[in-house]
Amino acid sequence: YTFHKYIKETGGMPRVRRNKTRPPPGYDLIEDTIEELDIKMRDAENEPHEGKRKTESVWPIIKIHHQRSRYIYEMYKLRQITKDLLDWCIDEKIADGGLIAKWKKQGYEKLCCLRCIQSRGHTFNTACICRVPKDSLEEGKIVECVHCGCSGCASGD
């Protein structure tokens, strides 16, 4: 009995299961939104990328990843979900723990992705252009991050 035979018989891939651990109480509050974002993520992954630069093809995926993590963090901040549920979401890789940890620190409240604060891979070994406050940029200059497509995530904006 092979996997390919299973696909033929059942008519498709089996539903992706999370780890064997049961979600903590309160997961039903965020479950619908998480499922909706998972569907959007699958659509973004399957979207054709002809005519786009190599980095532009992953921008929608990074934005949905950010949106999902931000939603869970905001629900936690508003005390809609418990710390146990937040930790479970991070352990199950539903939310990005590193990004949420940065959002808790002053100056990183609007951070778009962790790659934008890493000095490696940027010109002159500094942070990304999207981390520069809009007041410090030239008038009318369009800012777009090469890594994630962010148009500005400095906390002072």
Side-chain angles (χ1 to χ4, degrees), residues 7 12-19 21 23 26-78 80-81 83 85-157:
I7 298 294
M13 291 288 292
R15 184 177 170 166
V16 177
R17 290 188 191 154
R18 303 266 182 229
N19 205 349
T21 59
Y27 181 70
D28 53 330
L29 282 172
I30 62 172
E31 185 174 20
D32 292 338
T33 306
I34 298 300
E35 291 293 326
E36 185 179 309
L37 290 170
D38 281 344
I39 291 168
K40 285 172 79 175
M41 179 72 82
R42 272 187 239 113
D43 292 343
E45 288 170 349
N46 295 329
E47 184 178 292
H49 55 270
E50 287 80 26
K52 294 182 183 178
R53 293 182 308 197
K54 189 175 180 180
T55 56
E56 281 181 17
S57 61
V58 295
W59 289 355
I61 296 168
I62 292 171
K63 287 181 181 184
I64 294 168
H65 173 76
H66 174 273
Q67 185 180 4
R68 184 173 54 195
S69 295
R70 192 70 193 195
Y71 171 73
I72 292 170
Y73 177 65
E74 290 295 327
M75 292 293 282
Y76 172 71
K77 268 181 54 177
L78 295 172
Q80 298 289 320
I81 62 172
K83 175 94 169 105
L85 182 55
L86 175 69
D87 292 339
W88 183 83
C89 288
I90 291 169
D91 291 342
E92 294 292 318
K93 308 282 192 244
I94 298 171
D96 188 341
L99 198 54
I100 290 174
K102 286 294 181 186
W103 287 335
K104 292 178 183 179
K105 294 182 180 179
Q106 185 177 5
Y108 296 98
E109 295 90 359
K110 296 181 182 180
L111 182 65
C112 56
C113 70
L114 292 174
R115 195 161 179 201
C116 288
I117 58 172
Q118 293 174 345
S119 60
R120 184 175 26 118
H122 294 288
T123 312
F124 306 115
N125 289 332
T126 59
C128 185
I129 188 69
C130 68
R131 297 292 299 153
V132 178
K134 291 190 187 227
D135 299 344
S136 302
L137 295 172
E138 297 172 18
E139 188 75 27
K141 184 175 182 179
I142 298 171
V143 175
E144 193 173 71
C145 174
V146 177
H147 303 293
C148 63
C150 173
S151 60
C153 62
S155 294
D157 292 342

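These figures come from a predicted structure and were not determined experimentally. All values below come from the heavy atoms of this structure, side chains included, with hydrogens, waters and symmetry mates left out.
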*asked:* I'd like to know if the side chain of Glu31 reaches the main chain of Leu29, judged simply by a donor and an acceptor atom lying under 3.5 Å from each other, with no hydrogens or angles considered.
replied: no
*What's the shortest heavy-atom distance between Pro48 and Glu50, and which atoms?*
CB-OE1, 3.2 Å
_Closest approach of Ile100 to Ser69 (non-hydrogen atoms, all atoms of both residues)_ = CD1-O, 4.1 Å
*asked:* Just verifying a value: how many Å separate Lys40 NZ and Glu47 CD, rounded to the nearest 0.5 Å?
replied: 12.0 Å
*Over 12 non-hydrogen atoms of neighbours within 6.0 angstrom of NZ in Lys104*: yes
*Which pair of heavy atoms, one from Ile72 and one from Ala95, lies closest together, and at what distance?*
CD1-CB, 3.8 Å
_Students often mix this up, so state it plainly: with edges at 30° and 60°, are the rings of Tyr73 and Trp103 parallel, tilted or perpendicular?_
tilted
*Atom NZ in Lys110, atom NE2 in His66: separation rounded to 0.5 Å?*
11.0 Å
*Check step by step if side-chain contact (heavy atoms from CB on, under 4.5 Å) holds for Ile34 and Cys89.*
CA-CA 10 Å; Ile34 298 300; Cys89 288; over 6 Å; no
*Determine the minimum heavy-atom distance between Lys102 and Tyr108, stating which atoms define it.*
O-CB, 3.1 Å
*Closest heavy-atom contact between Lys63 and Gly149?*
NZ-O, 3.9 Å
*Side chain proximity check, Thr21 to Asp91, heavy atoms < 4.5 angstrom*: no
*Could you grab the distance from atom CG of Asp87 to atom CD of Glu92, nearest 0.5 Å is fine?*
12.0 Å
*How close do Ile64 and Ala44 get, heavy atom to heavy atom, and via which atoms?*
CD1-CB, 3.8 Å
*From Glu74 CD over to Ile81 CD1, what is the distance, rounded to the nearest 0.5 angstrom?*
10.5 Å
_Donor-acceptor contact below 3.5 Å, side chain Arg68 vs main chain Ile94_ = yes
*Could you grab the distance from atom CG of Leu85 to atom CD1 of Ile90, nearest 0.5 Å is fine?*
10.0 Å
*Looking at side-chain heavy atoms only, is the closest gap between Tyr71 and Met75 below 4.5 Å?*
yes
